[in-house]
Amino acid sequence: MANPFAIHTSSENGLSIISLDGFVDAHTAPQFENAIQSEIDAGRNRILVNCEKLNYISSAGLGVFMSFIEEVREQGGDIKICGLVPKVKHTFEILGFQDIFDMLDDQPSAIERFAAS
Amino acid sequence: MANPFAIHTSSENGLSIISLDGFVDAHTAPQFENAIQSEIDAGRNRILVNCEKLNYISSAGLGVFMSFIEEVREQGGDIKICGLVPKVKHTFEILGFQDIFDMLDDQPSAIERFAAS
Amino acid sequence: MAAIERKFILHVPSSTESLALIREFVTSVGRLATLDDGEIGKLELAVDEACANVIEHAYGHDATKEVIVRAVFDDQTLRISVIDTGLGFDPTSAQSKSVEELVRQRKSGGLGIRLIKTLMDEVQYEIVPGQKNELHMTKKIRKE
Amino acid sequence: MAAIERKFILHVPSSTESLALIREFVTSVGRLATLDDGEIGKLELAVDEACANVIEHAYGHDATKEVIVRAVFDDQTLRISVIDTGLGFDPTSAQSKSVEELVRQRKSGGLGIRLIKTLMDEVQYEIVPGQKNELHMTKKIRKE
Ligand SMILES: Nc1ncnc2c1ncn2[C@@H]1O[C@H](COP(=O)(O)OP(=O)(O)O)[C@@H](O)[C@H]1O
Ligand SMILES: Nc1ncnc2c1ncn2[C@@H]1O[C@H](COP(=O)(O)OP(=O)(O)O)[C@@H](O)[C@H]1O
């Protein structure tokens, strides 16, 4: 297919940065879920999902954000989203995710936002 | 589709340069045929086909090269080919087109070859 | 003069692995139907959601089963149907919960049908459980 | 343990406009079958040539007719068939001319069947004119 999927986890300024590359659909969402779960299991609950290279997301991917956010916030952490390309941002916005999640333009602004909270 | 088709004709050093962009298949080959025919009709028979941006060719496109080459050479002109990406070059080579056509790496070398002939 | 109808049909194994191929098919058909990129994006997502539901719910991830996507368009309307011969369900009983509610319940699902209804101009289920279930979706082709 | 067979079928209008969609389909199936890029390129070209022949020769550019591409693979072999219900022809009578000869005769055609035979591991026509004509092509899946 045109857009294979890759996921990359790193850390910066005490944040876990999960970068998504390609498409997140019902086929690849479980890998994304595992990546977030691993961070939470390791006690890292300040999570930034960098979507600069994400070119497609379906509800299976949105569901991953949805299912973890309460748990993470209860622990005093957060999941923030940065770098959404317009097409993908549109999918988040159809369902009103902008009312629930911080969505930042790029990684530096997202890191700043985390630092300020 | 992933690769729409575009064709661009210019002239340089007394050559007609026809640049192909995208795919040449049975659907788009007639446009390529018309582009070469126009040059010949206008008495321009030194033709360089720049394939740097060509990412696919089927026999319909190869047939265009094949059908004009005799006429053009009779008139003392030539059709040369430059900039083939490996995948497309392979298609030309399966049928032995390298024995019939000059295939150059890039436009400057092709222009030089024309100048030398 | 009536415009010619053009019909495209795709059969694929009922596996999430097929979704990327389905999306490419839908994108290409949308382009042939002269939809703009925004509308193609909506179509792609709606059909992905519909097929993912069939793969997961109608067939329970049985890759020996087949998902069928059928697209027909003229110069005014693109009609696209997702067809299965699986379990079926009562679409009137599937109430949509708000995202806020789903978040509170820590759900990872429940967004698909709502997305489909939001993205397409018309949506209609035709269910005969175990025999043939069809989800018909329509998108108007707006001419510039 | 026998590997599961996976089947993909595409129906499109018999128009050269459909060729790009057909190539995308074939490329995606080839990738799912784990062919490498070189083999996928050959498959793409062979199926394009086969379908272009159906569109031009079997149906004479009648876009109300339908071209069918059917692909089945397991972990060893990808079999792909192009199916039409058009004119048919006698594939044994179509002699291949050399490119040199075609050039001398200023032909723009005559390369398709030769390409198909060069690109695929096995090629077989099954012709019942006006009823069902099938071109079966096989590619072995080489494991690294
Ligand atoms: N094609 C289908 N076949 C059977 N059941 C379905 C189908 N589509 C949806 N459903 C049922 O409707 C529910 C809601 O679907 P949806 O809104 O897409 O959310 P999700 O699929 O994430 O649960 C599903 O959980 C399932 O029970
Ligand atoms: N599917 C088909 N149906 C009918 N005739 C065909 C078909 N495929 C090939 N032919 C015949 O065989 C000839 C050679 O085909 P081919 O080698 O592909 O070259 P081309 O299509 O460029 O003429 C065609 O000109 C046509 O007469």
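This one's a predicted model, so the numbers in the text were calculated from it and none came from an experiment. Quick note on labels: first sequence line is chain A, next is B, and so on, each numbered from 1.
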Is it the backbone or the side chain of A:Glu33 that comes under 4.5 Å from a heavy atom of chain C, or both, or neither?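 Neither part, no heavy atoms under 4.5 Å.
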
Please classify the contact between A:Phe65 and chain C as side chain, backbone, both or neither, with a heavy-atom cut-off of under 4.5 Å.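 Nothing of A:Phe65, per the 4.5 Å heavy-atom cut-off to chain C.
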
Mind checking the [atom1]-[atom2] spacing from [X] to [Y]? Nearest 0.5 Å is all I need.
X        : Y       : atom1 : atom2 : value
A:His27  : C:Ser18 : NE2   : OG    : 9.0 Å
A:Thr91  : C:Lys42 : OG1   : NZ    : 10.5 Å
C:Ile116 : A:Ser59 : CD1   : OG    : 8.0 Å
C:Leu102 : A:Leu95 : CG    : CG    : 9.5 Å
C:Leu115 : A:Ile94 : CG    : CD1   : 6.0 Å

Would you say C:Leu19 and A:Phe23 make side-chain contact, with heavy atoms under 4.5 Å?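 Answer no - side chains too far apart.
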
So what's closer than 4.5 Å to chain A heavy atoms on C:Ile55: side chain, backbone, both or neither?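 Contact with chain A is absent: no heavy atom of C:Ile55 under 4.5 Å.
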
With a 4.5 angstrom heavy-atom cut-off, is it the side chain or the backbone of C:Glu44 that approaches chain A, or both, or neither?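 Both backbone and side chain.
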
How close do C:Ala20 and A:Asp25 get, counting heavy atoms only, and between which atoms?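 So the two residues come closest at N-OD2, 4.3 Å.
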
Most chain A-contacting option - heavy-atom pairs closer than 4.5 Å, from C:Glu49, C:Arg106, C:Lys107: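 Of the candidates given, the most pairs with chain A belong to C:Arg106.
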
Between chain A and each of C:Gly109, C:Cys51, C:Ser108, count heavy-atom pairs under 4.5 Å; write down the option with the most.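 Most heavy-atom pairs under 4.5 Å with chain A: C:Ser108.
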
Quick check on [X]: does its [atom1] atom have over 12 non-hydrogen neighbours (other residues, nucleotides or ligands) under 6.0 Å away?
X       : atom1 : answer
A:Lys87 : NZ    : yes
A:His8  : NE2   : no
A:Arg44 : CZ    : yes

